[in-house]
Number of protein chains: 2
Amino acid sequence: MTEENEQTAKTENDDMMVSEETYMTSGVHIGTRQKTADIKDFIYKVRNDGLYIIDVKQTDKKIKIAAKLLAKYDPSKILAVSVRQYGQKPIRKLGEHTGITVFDGRFRPGTLTNPNSDNFFEPEVIILTDPLADMQALHEAQNIGIPVIALCDTNNETKYVDIAIPTNNKGRRALALVYWLLAREMQKAQGKIKSDEEFAVTVEDFEAEI
Amino acid sequence: MTEENEQTAKTENDDMMVSEETYMTSGVHIGTRQKTADIKDFIYKVRNDGLYIIDVKQTDKKIKIAAKLLAKYDPSKILAVSVRQYGQKPIRKLGEHTGITVFDGRFRPGTLTNPNSDNFFEPEVIILTDPLADMQALHEAQNIGIPVIALCDTNNETKYVDIAIPTNNKGRRALALVYWLLAREMQKAQGKIKSDEEFAVTVEDFEAEI
């Protein structure tokens, strides 16, 4: 590789969807005081107060990968779930802008596995806001054998998770930013919009109320 | 969930693509004497001779997930690689039956990252036979931000791997069986064949010569 090409490759690699500052302002990098072995590769450092800090470059990369992959599916066959409250508005917004099916709130056992269940649904791929809080959905997805994409904080295990997006998955603003980016990148990959500017909704629109 | 439904769910869960005996006869379950933290969830037990044994039910599940996911892509945009010899014939056969692009043998640096490279190629997803032996391809895939599917043995780390298929990735017959199943399931998911019986090629056809 010539020096010039190396330069090009590097620049491309550094080309993030939003600036590191934007990630930081939303607290995407703020993990927890716990660190699992599964998530160690995504940790940038541990802060003096004991909080593990997530490498947002990897967050950025994984959101892009997930969005491009999801764009291959019929959106109605993609299911996004969030038991915890701060993820609920972001996934509803994601659904609005991409056509993804959304189950916010309690995930009723049997939803994916019991054909007699009222809200029985057979997705081809699933997005979890937190593999721990959304454990029921995780187990059922594993049971029916579909790919699992999950936002994973530093305290999460990635067992049964296929694509882990390392991020603060508890903060109101962090969840808004991650799902806003996922929606924007999916729309781009689906060819619905051509540029970032055409995505006319703001991150704030994705934020849950306090 | 009623008892009857639970029964149905269980039966479905146990519905493997080939029997456990077939996996065992091909040595898919035979890991190495090393065990990484990344792969611990896929390990069934450690044998008296110190070999870690892989849970083939999980191998089966992950092959299905990978095949269904790959079927969403234009096959020519999928790249399968294998630096090690025993994986080369299986991936060539996989390419023959599914249209996947195949790079067998040495993976030249810059293949995915340097547009001036003779064999420059921009896949949308990549399959690695061994993340350790195929490390160059793994790093370049990570660099360009595409999903990575990899056959992972008990000694492998899964850093940068999105979908890990736990399997013996060194044995001649194990590699043949895993890639044969991947080819068959992809053809089914693509609608090219309707049943397993229509897949007229044998596992032996996928085996490298000794």
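Numbered from 1 within each chain, the chains take letters A, B, ... in sequence-line order.
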Min side-chain heavy-atom separation A:Asp38-B:Lys40 under 4.5 Å: yes
Side chain proximity check, A:Leu69 to B:Lys72, heavy atoms < 4.5 angstrom: no
Which portion of A:Gln58 sits near chain B, non-hydrogen atoms under 4.5 angstrom: side chain
Crowding at [atom1], [X] (>12 non-hydrogen neighbours, <6.0 Å):
X	atom1	value
B:Glu157	CD	no
A:Lys68	NZ	yes
B:Tyr44	OH	no

Closest heavy-atom pair and its distance - A:Ile65, B:Ile146: CD1-O, 3.7 Å
Options B:Ser117, B:Gly145, B:Ala37, ranked by heavy-atom pairs under 4.5 Å with chain A, top entry: B:Gly145
Approximate separation, where rounding is to 0.5 Å, of A:Ile144 CD1 and B:Lys61 NZ: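 The NZ atom of B:Lys61 is 9.5 Å from CD1 of A:Ile144, to the nearest 0.5 Å.
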